[in-house]
Amino acid sequence: MRLDALHLNTPLLRAAPGLFPQAEVWLKMDALQPSGSFKLRGVGRLVQQAAQNGAREIVCASGGNAGFAAAYAARALGLPVTIVLPESSSAAVAELIAARGAQVLRHGAVWDEAHRFASALAEERGAAYVHPFDHPLLFEGHASLIDEVLDQGLDFDAVVTAVGGGGLYSGIAQGLQRRGLHQVPVIAVETVGADSFSQSLQAGQAVTLPAISSVATSLGARRVADEALRLAQVHPTISLTVSDAQATAACVRFADAMRVMVEPACGAALAALSAHPEVFARFQRPLVEVCGGVGVSVELLQRWRAA
């Protein structure tokens, strides 16, 4: 299977009236990827490369979305796959990944511990380890969303994205740089309690969080990728945080307005436009990367609506 067959060129939609305070906001709908999130763009490339290099098995440690994407890609390419989830990932997400034909293992309280276990497991088995957010091919794959938007002719003046491990942010920044849009800022959003990127930028060096205390577990990398911190020094970047309550409320509003469910990690980016209107006052046409996520359900949306 060809590499570009693994992910879709997802729709570019104008946000429904009233969804955001801003008059014109555009949405790159990566929630509609076959894997349920943007992760397939980069993870698909890594799995494809592993297959081309003769891998007989794929191993990935993930909070959920990268694991689902790895399971989808590995199955498409006929490779067995093992996904290691930390205990912080929900049983529902584990069941979704298992339904894709993956072996699902649990290890560690947080992703870092799952990552160490999965790396050792891959070495022991002679399998290819797919990192969920820190690899040059991942960044290259995620950058494809910028190419798609530009190829459709949209003249946007900012890109809004959630930040977890920094892979998506790095891909977006690299995509803007590659296409000569050095002046277009990336507005990077995290939830409080999963804000390793924000804290690192404030400290001027990499910060490792002692724990993840946010409901947005897909943003739960205690330390972001070095490439993300490097790019933040050379590309205009605005770091914002929102609360868990703001993120989940944004998920509910988005489902009502756009009829698409997304998880709180994605809700962080959606919430930023209402939570920080003073930041967005100078932008005429922001582009929001709707990164999606499989950690959402009708039951969760109803719970968040009632909160």
Side-chain angles (χ1 to χ4, degrees), residues 7-8 10-11 13 27-44 60-73 83 85-86 88-100 102 104 111 114 132-133 138 141-142 145 160-169 171-172 188-191 193-195 197 212 214-221 242 244-272 288-305:
H7 73 265
L8 302 179
T10 49
L13 304 178
L27 308 169
K28 182 58 171 165
M29 296 293 293
D30 272 336
L32 302 181
Q33 290 289 353
S35 65
S37 80
F38 77 97
K39 288 285 189 178
L40 190 58
R41 293 181 179 275
V43 168
C60 177
S62 168
N65 291 315
F68 193 91
Y72 176 91
I83 307 301
L85 298 176
S88 58
S89 295
S90 71
V93 168
E95 290 172 5
L96 282 173
I97 295 172
R100 284 290 178 180
V104 178
W111 175 84
F133 61 82
L138 282 171
H142 300 333
L145 74 92
V160 189
T161 183
V163 178
L168 177 57
Y169 164 82
I172 289 172
V189 192
E190 298 164 287
T191 49
D195 51 345
F197 187 60
I212 300 298
S214 169
V215 70
T217 55
S218 292
L219 302 184
V242 298
D244 279 353
Q246 288 171 322
T248 54
C251 293
V252 173
R253 290 196 305 272
F254 192 78
D256 285 341
M258 302 301 298
R259 300 165 302 284
V260 174
M261 296 192 301
V262 298
E263 66 179 34
C266 181
L270 299 171
V288 181
E289 161 62 3
V290 183
C291 58
V294 297
V296 63
S297 65
V298 172
E299 180 183 355
L300 282 173
L301 284 172
Q302 290 172 337
R303 191 184 308 167
W304 297 334
R305 187 188 298 275

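Model, not experiment: these values are computed from the prediction.
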Where is the tightest heavy-atom contact between [X] and [Y], given as atom of each residue plus distance?
X: S37; Y: G293; value: CB-N, 3.7 Å
X: A269; Y: V288; value: CB-CG1, 4.5 Å
X: V215; Y: P264; value: CG1-CB, 4.2 Å
X: L301; Y: V296; value: CG-CG2, 4.2 Å
X: A216; Y: A265; value: CB-N, 3.9 Å
X: A114; Y: P86; value: CB-N, 4.0 Å

Has the side chain of [X] got a donor or acceptor atom that lies under 3.5 Å from a matching backbone atom of [Y]?
X: R259; Y: A257; value: yes
X: K39; Y: G67; value: no
X: Q33; Y: L8; value: yes
X: S89; Y: G63; value: yes

Could you state the interatomic distance from [atom1] ([X]) to [atom2] ([Y]), rounded to the nearest 0.5 Å?
X: H142; Y: F133; atom1: NE2; atom2: CZ; answer: 11.0 Å
X: R253; Y: W304; atom1: CZ; atom2: CH2; answer: 13.0 Å
X: C251; Y: E263; atom1: SG; atom2: CD; answer: 8.0 Å
X: E190; Y: T161; atom1: CD; atom2: OG1; answer: 10.5 Å
X: M258; Y: L13; atom1: CE; atom2: CG; answer: 5.0 Å

Discussion item. Tell me every residue that passes salt bridge (Lys or Arg N to Asp or Glu O under 4.0 Å) with D195, counting only those two or more places apart in sequence or in another chain.
Written reply: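 Once residues adjacent in sequence are excluded, D195 has no partner under the salt bridge (Lys or Arg N to Asp or Glu O under 4.0 Å) criterion.
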Discussion item. My understanding is that only residues two or more places apart in sequence, or in another chain, count here; which of them pass salt bridge (Lys or Arg N to Asp or Glu O under 4.0 Å) with E299?
Written reply: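 Result, salt bridge (Lys or Arg N to Asp or Glu O under 4.0 Å) vs E299: R303.
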Are the side chains of [Y] and [X] in contact, using a 4.5 Å heavy-atom criterion?
X: R41; Y: D30; answer: yes
X: V163; Y: L168; answer: no
X: C266; Y: F254; answer: no

Discussion item. Is there a side-chain contact (heavy atoms from CB on, under 4.5 Å) between V260 and V290? Walk through the geometry before answering.
Written reply: CA-CA 10 Å; V260 174; V290 183; 5.6 Å; no
Practice prompt. With T191 as reference, evaluate T248, V242, I212 under the side chain to side chain contact (heavy atoms under 4.5 Å, CB included) test and give the passing residue.
Written response: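 The option that passes is V242.
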Fill in: Partner of F68 by side chain to side chain contact (heavy atoms under 4.5 Å, CB included), out of S35, C60, S62
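Option passing the side chain to side chain contact (heavy atoms under 4.5 Å, CB included) with F68: S35.
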Worksheet item: Should R305 and D256 be marked as a side-chain contact (heavy atoms from CB on, under 4.5 Å) after you check the CA-CA gap, both sets of side-chain angles, and the distance that decides it?
Response: CA-CA 11 Å; R305 187 188 298 275; D256 285 341; 2.9 Å; yes
Practice prompt. Apply side-chain contact (heavy atoms from CB on, under 4.5 Å) to A102 and list each qualifying residue two or more places apart in sequence or on a separate chain.
Written response: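 So A102 forms a side-chain contact (heavy atoms from CB on, under 4.5 Å) with A71, V81, I83, I97.
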